[in-house]
**Student:** 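If you scroll down you'll find the structure; I have some questions about it.
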Amino acid sequence: SEPNILNIAWSLLITFTIDWRIEWRIIYCNYFTLLKKLRDNKYKNIKIKGVGLIPPALFNTSSTLQKINYVLGDMFFLKLFAYRFLIIAEKG
């Protein structure tokens, strides 16, 4: 799975706990650049699933909220802002 820079949680996490000098390449990690890189490298049957809108660890105590978070993170438009992406593809 890959992080998604369009999700504000990553920007906050890196700013306050890590270091942008270490994680600067995350700026290229979003739905469209991942899809382009996969196609450029000859992958086929590409599926990119959104995994949560909010960091899943915040919902450890409620399975219902976890499920809602996962469903929202994989909805068509909201997927662009998912917390992480799960990539499923075949090398062509």
Side-chain angles (χ1 to χ4, degrees):
S1 74
E2 296 294 330
N4 178 14
I5 192 59
L6 297 180
N7 184 290
I8 190 68
W10 284 110
S11 297
L12 294 172
L13 177 71
I14 294 168
T15 299
F16 295 114
T17 64
I18 307 175
D19 187 344
W20 279 103
R21 292 175 290 179
I22 296 168
E23 295 289 344
W24 68 271
R25 286 188 178 94
I26 194 174
I27 63 172
Y28 299 108
C29 206
N30 64 63
Y31 183 87
F32 298 108
T33 56
L34 289 172
L35 189 58
K36 182 181 182 327
K37 291 288 184 185
L38 289 164
R39 287 180 177 157
D40 289 350
N41 287 286
K42 310 286 190 258
Y43 282 87
K44 61 182 184 177
N45 297 328
I46 301 167
K47 294 180 183 146
I48 300 177
K49 297 179 64 71
V51 180
L53 278 179
I54 299 170
L58 297 177
F59 299 111
N60 283 342
T61 58
S62 172
S63 62
T64 302
L65 291 177
Q66 281 181 343
K67 290 175 187 172
I68 292 169
N69 188 37
Y70 287 132
V71 168
L72 291 175
D74 200 35
M75 292 179 81
F76 178 70
F77 178 73
L78 294 177
K79 180 188 296 192
L80 299 177
F81 305 98
Y83 181 67
R84 294 190 75 80
F85 292 121
L86 180 63
I87 301 168
I88 304 164
E90 297 174 10
K91 186 71 172 170

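Quick caveat, the model's predicted, so the values are computed rather than measured.
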**Student:** Check whether any side-chain N or O of Asn7 sits under 3.5 Å from a backbone N or O of Phe81 as a donor-acceptor pair, and report yes or no.
**Tutor:**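 It does hold such a pair.
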**Student:** Does Asn69 use its side chain to pair, donor to acceptor, with the backbone of Leu65 at less than 3.5 Å?
**Tutor:**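 A pair under 3.5 Å: no.
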**Student:** Hydrophobic clustering (ILVMFWY, side-chain heavy atoms < 4.5 Å, transitive) - are Leu12 and Ile27 grouped together?
**Tutor:** no
**Student:** Distance from Thr33 atom OG1 to Glu2 atom CD, nearest 0.5 Å?
**Tutor:** 9.5 Å
**Student:** Crowded around Lys36 NZ? As in, over 12 foreign heavy atoms under 6.0 Å?
**Tutor:**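 Counting other residues, nucleotides and ligands, NZ of Lys36 stays at 12 neighbours or fewer.
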**Student:** Is the backbone N or O of Ile14 less than 3.5 Å from a side-chain atom of Asp19, with the two atoms forming a donor-acceptor pair by type?
**Tutor:** no
**Student:** Given 3.5 Å as the limit, does a donor-acceptor pair link the side chain of Asn4 with the main chain of Arg84, or not?
**Tutor:** no
**Student:** So, do Trp10 and Cys29 sit near enough that their side-chain heavy atoms are less than 4.5 Å apart?
**Tutor:** no
**Student:** Applying side-chain contact (heavy atoms from CB on, under 4.5 Å), run through Phe32 and Leu80 and close with a yes or a no.
**Tutor:** CA-CA 9 Å; Phe32 298 108; Leu80 299 177; 3.8 Å; yes
**Student:** Roughly how far apart are Leu35 CG and Asn30 CG, rounded to 0.5 Å?
**Tutor:** 10.0 Å
**Student:** Calculate, to the nearest 0.5 Å, the distance between atoms CG and CD belonging to Asn60 and Gln66 respectively.
**Tutor:**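 Between atom CG of Asn60 and atom CD of Gln66 there are 6.0 Å.
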**Student:** Measure the CD-OG distance between Glu23 and Ser11 for me, rounded to the nearest 0.5 Å.
**Tutor:**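 The OG atom of Ser11 is 11.5 Å from CD of Glu23, to the nearest 0.5 Å.
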**Student:** Do Leu34 and Phe77 sit in the same hydrophobic cluster, where Ile, Leu, Val, Met, Phe, Trp and Tyr count as joined when their side-chain heavy atoms come under 4.5 Å apart?
**Tutor:** yes
**Student:** Search all heavy atoms of Lys91 against all heavy atoms of Lys44 and return the closest pair with its distance.
**Tutor:**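 Here Lys91 and Lys44 meet closest at O-CE, 4.5 Å.
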**Student:** Output the distance between atom NZ (Lys79) and atom CZ (Phe85), rounded to the nearest 0.5 Å.
**Tutor:** 8.5 Å
**Student:** Less than 4.5 Å apart, side chain to side chain, heavy atoms only: is that true for Leu53 and Tyr83?
**Tutor:**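 No, every pair of side-chain atoms sits at 4.5 Å or beyond.
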**Student:** To the nearest 0.5 Å, tell me how far Thr15 OG1 sits from Trp20 CH2.
**Tutor:** 5.5 Å
**Student:** Do you reckon Ile87 sits in the same ILVMFWY cluster as Met75, going by side-chain contacts under 4.5 Å, direct or chained?
**Tutor:**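 Hydrophobic grouping puts Ile87 with Met75.
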**Student:** How close do Pro55 and Ala9 get, heavy atom to heavy atom, and via which atoms?
**Tutor:**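 Answer, listing the atom of Pro55 first, then Ala9: CG-CB, 3.8 Å.
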**Student:** After noting the C-alpha distance and the side-chain angles of Ile48 and Tyr31, does the key distance pass the side-chain contact (heavy atoms from CB on, under 4.5 Å) rule?
**Tutor:** CA-CA 8 Å; Ile48 300 177; Tyr31 183 87; 3.7 Å; yes
**Student:** Please determine whether residues Ile54 and Val71 belong to a single hydrophobic cluster, defined as Ile, Leu, Val, Met, Phe, Trp and Tyr linked transitively by side-chain heavy-atom distances below 4.5 Å.
**Tutor:**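 No: no chain of side-chain contacts under 4.5 Å links Ile54 to Val71.
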**Student:** So if you build clusters from Ile, Leu, Val, Met, Phe, Trp, Tyr with side-chain heavy-atom gaps below 4.5 Å, do Val51 and Leu58 land together?
**Tutor:**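 No, Val51 does not connect to Leu58 through the hydrophobic network.
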